[in-house]
2 protein chains.
Amino acid sequence: MTITQLRYVLAVAEHQNFTKAAEKTFVTQPTLSMQIQKLEEELAILIFDRSKKPIELTEVGKKLVQQARNIVNESERIQDIVDQQKGYIGGEFKLGVIPTVMPTLLPMFLHNFIKKYPKVKLKIEELTTEAIIERLHDGHLDAAIAATPLQNESIKERVLYYEPFVGYIPPSHRLNQKKKIDVADLDIDDMLLLEDGHCFRDGIVNLCKTQKSYDEDHFQLESGSFETLVKLSNEGLGMTLLPYLHTLDINDKEKSNLHFFNEPSPAREVSLIYHKSELKMQIIEALHTTIAGIVKGAITFQNVEIISPIAKIKSD
Amino acid sequence: MTITQLRYVLAVAEHQNFTKAAEKTFVTQPTLSMQIQKLEEELAILIFDRSKKPIELTEVGKKLVQQARNIVNESERIQDIVDQQKGYIGGEFKLGVIPTVMPTLLPMFLHNFIKKYPKVKLKIEELTTEAIIERLHDGHLDAAIAATPLQNESIKERVLYYEPFVGYIPPSHRLNQKKKIDVADLDIDDMLLLEDGHCFRDGIVNLCKTQKSYDEDHFQLESGSFETLVKLSNEGLGMTLLPYLHTLDINDKEKSNLHFFNEPSPAREVSLIYHKSELKMQIIEALHTTIAGIVKGAITFQNVEIISPIAKIKSD
DNA sequence: TATTCTTAATAAGTTTTATCGATAGCTTTT
DNA sequence: AAAAGCTATCGATAAAACTTATTAAGAATA
């Protein structure tokens with residue numbers, strides 16, 4: 001049994017197809033066939049059921065794949081250990097970001113980060129929280145930025161910042177007279193909210209998503225914006241809630257429509273999350289330091305109440 | 001990087017000597033030299049400091065060895081998974097046993113076990129608790145039988161039985177008149193106790209060890225007995241404490257010197273212990289079932305108070 | 001039903017690599 | 001100073017991993 005064989009098994013299990021798996025692992029299809037046969041022979045089991053189309057894992061195969069993934073992960077961590085020792089921070093790093101954080105946070109730290117750690121090849125992808133969790137599990141993402149807490153056993157979280165929500169209330173709206181608003185004032189029926197993202201637990205729901213595209217040399221991404229929501233709001237379709245950072249680049253005329261909450265302001269907790277196996281921790285540390293440092297100046301609220309998909313948590 | 005290379009690194013790290021490590025891994029010394037050099041080159045680090053005699057690990061080397069052990073362990077578990085699937089229980093299994101359990105428990109279950117699981121090649125070794133813990137960590141033992149609880153983070157315990165202590169009190173001893181004795185009666189000054197083993201926490205100390213040799217077809221072992229202690233006691237050198245199972249094969253004349261404790265009788269907890277990585281769990285399960293089943297009939301006390309090296313625990 | 005496509009297995013040949021035996025070179029021991 | 005103990009290096013060899021080309025089997029299509 002070799003690590004290479006285990007990698008091949010993982011590739012075939014993932015793509016359910018020897019030919020595709022061969023491409024992904026940069027070898028020819030016969031190589032995969034032979035190596036996997038050899039492993040099956042050595043263990044005296046069948047890993048794949050080749051009679052099914054597409055190919056399927058056998059029962060033992062499923063268990064073996066779990067363990068194989070574990071071993072391959074752990075073996076990759078050896079390079080991590082070496083890098084850490086050398087103080088080297090580099091290599092490819094795949095970061096997921098939820099749509100409601102993407103457009104505001106990314107421009108704030110990205111330039112800074114790639115200047116500070118030029119050896120890191122950042123690949124950023126906009127994904128929903130569910131997609132992020134799935135990809136952290138199967139190793140397609142190294143880390144992600146999402147609203148927390150997630151209460152997911154195998155995912156660790158490092159808080160980046162707490163971001164208060166701000167009411168965007170057009171003149172026509174019933175709450176426009178109130179200087180500062182309260183959570184109790186909110187009514188789901190005269191509010192505009194986006195589908196994706198996290199949600200107010202108690203009946204008030206959801207923030208956030210649209211489309212927009214963006215490309216650069218060092219990284220790749222796909223993004224969304226809040227503009228549409230504000231515009232719809234201006235059309236008198238209701239008030240909306242904006243995460244604080246989104247209110248910073250709104251135009252002056254619209255700025256007057258912003259109504260802060262009385263403290264404690266509802267807020268979301270935004271964290272850098274990663275798999276508990278803690279692969280590539282140096283880069284994760286570097287990201288955390290960079291982002292937390294930069295955002296610290298931008299958000300200075302003190303008394304907030306965290307809103308999450310899971311639970312309400314007091315913080316100050 | 002291959003699993004084989006990691007095995008080689010582990011062997012050299014353990015023996016601090018390429019030549020010896022080569023013997024243990026059944027290859028020649030040049031093979032080790034080259035493979036380890038290759039790994040060092042691939043990672044661009046030095047794993048060993050060859051200027052020191054004997055050879056030493058570098059700082060990175062130490063961290064790498066930890067991770068290497070992890071990977072090798074996890075890779076061995078693959079065979080476990082396959083065995084489990086097939087319902088196959090076999091292979092070499094190294095079991096450590098503390099001296100005070102060896103002579104009484106072993107004869108009770110050994111025959112039974114090797115008959116039931118003939119494919120398992122049991123290698124039994126008598127060891128102190130400290131030696132057992134060390135060897136469970138470095139993988140030289142697969143499991144062990146010892147007095148618990150150990151409160152060791154990386155070792156799991158499965159209780160086999162609770163074994164009460166019985167006073168062996170010669171006619172000359174001050175307590176001989178009492179039919180049943182209490183822990184409060186005990187005095188360290190007129191008691192004979194052995195060095196090794198576990199101990200009464202509150203000042204009263206230690207049980208257990210002598211030497212004796214034993215060999216058979218399916219297994220290998222080295223053992224000790226309690227005879228000496230009883231004989232010394234007969235010579236008027238003080239009373240002693242015997243674990244219950246030891247009192248079963250004492251001669252009739254001496255049996256009259258046995259004095260049970262008033263309930264709750266002090267007792268020790270004897271467990272099957274193994275590393276938290278849970279390698280070879282099928283065999284561990286098999287051992288547990290066999291032993292617990294056999295001992296159940298032999299010990300029928302109901303109200304006992306567990307004595308351990310760590311803490312006092314109530315049980316009934 | 002025949003034929004075309006897809007995909008994995010097999011075969012044959014090449015390249016790479018793991019290992020060995022012999023030995024050189026360095027250090028420690030006697 | 002000689003001997004012993006160790007690791008690195010060299011050259012050779014057998015094993016393995018991989019490639020290209022081909023076959024075989026099953027599914028899709030004509």
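Reminder, nothing fancy here: chain letters follow the sequence lines and each chain counts from 1. Just so you know, these numbers use all the heavy atoms, side chains as well, and skip hydrogens, waters and symmetry mates.
- Distance B/Phe18 CZ to C/dT27 P: 16 Å, rounded to the nearest Å.
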Next on the checklist: Between B/Lys94 and B/Asp142, is the salt bridge (charged side-chain N to carboxylate O under 4.0 Å, His left out) condition met? List the steps.
Outcome noted: CA-CA 5 Å; B/Lys94 281 164 286 184; B/Asp142 296 308; 5.1 Å; no
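- Separating the CZ atom of B/Phe26 from the P atom of C/dC20 is a distance of 12 Å, rounded to the nearest angstrom.
- Rounded to an integer number of Å, the gap from CE of A/Met1 to C1' of D/dA16 is 17 Å.
- Ion pair B/Asp49/B/Lys52 flagged as a salt bridge, since at least one NZ, NE, NH1 or NH2 atom sits closer than 4.0 Å to an Asp/Glu carboxylate oxygen.
- Not one side-chain nitrogen or oxygen of B/Asn17 sits closer than 4.0 Å to the OP1 or OP2 atom of D/dG5.
- Taking only side-chain nitrogens and oxygens, B/Thr19 comes nearer than 4.0 Å to OP1 or OP2 of D/dT7.
- Taking the side chain of A/Pro30 as heavy atoms from C-beta on, and the options C/dA22, C/dT19, C/dA9, the nearest nucleotide is C/dA9.
- Of the residues in residues 31-56 of chain B, those placing a heavy atom less than 4.0 Å from an atom of DNA chain D are B/Ser33, B/Gln37, B/Arg50, in numerical order.
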Item to check | Test side-chain contact (heavy atoms from CB on, under 4.5 Å) applied to A/Gln5 and A/Val9, step by step | outcome: CA-CA 6 Å; A/Gln5 286 172 343; A/Val9 169; 5.6 Å; no
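- The environment of CE in B/Met281 is crowded: more than 12 heavy-atom neighbours from other residues, nucleotides or ligands sit within 6.0 Å.
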Next on the checklist: Please evaluate residues A/Lys119 and A/Tyr88 with respect to the criterion side-chain contact (heavy atoms from CB on, under 4.5 Å), reporting the C-alpha separation (whole Å), side-chain torsions for both, the decisive distance (0.1 Å), and the verdict.
Outcome noted: CA-CA 9 Å; A/Lys119 298 264 181 62; A/Tyr88 172 84; 3.9 Å; yes
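- Salt-bridge check for B/Lys276 with B/Glu157: failed, with every basic side-chain N at 4.0 Å or more from each acidic carboxylate O.
- In this structure, A/Tyr8 atom OH and D/dA16 atom P are separated by 15 Å, rounded to whole Å.
- The CD atom of A/Gln29 sits 11 Å away from the P atom of C/dT10 (whole-angstrom rounding).
- Between B/Glu23 atom CD and C/dG21 atom P there is a gap of 13 Å when expressed in whole angstrom units.
- Taking atom CD of residue B/Gln16 and atom P of nucleotide D/dT7, one finds them 11 Å apart after rounding to whole Å.
- Rounded to an integer number of Å, the gap from CD1 of A/Ile3 to P of C/dA18 is 12 Å.
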Next on the checklist: Checking A/Arg69 against A/Glu74 for the salt bridge (charged side-chain N to carboxylate O under 4.0 Å, His left out) test, could you report, in this order, the C-alpha distance in whole Å, the side-chain angles of both residues, the deciding distance, and whether it holds?
Outcome noted: CA-CA 9 Å; A/Arg69 185 163 296 139; A/Glu74 294 300 313; over 6 Å; no
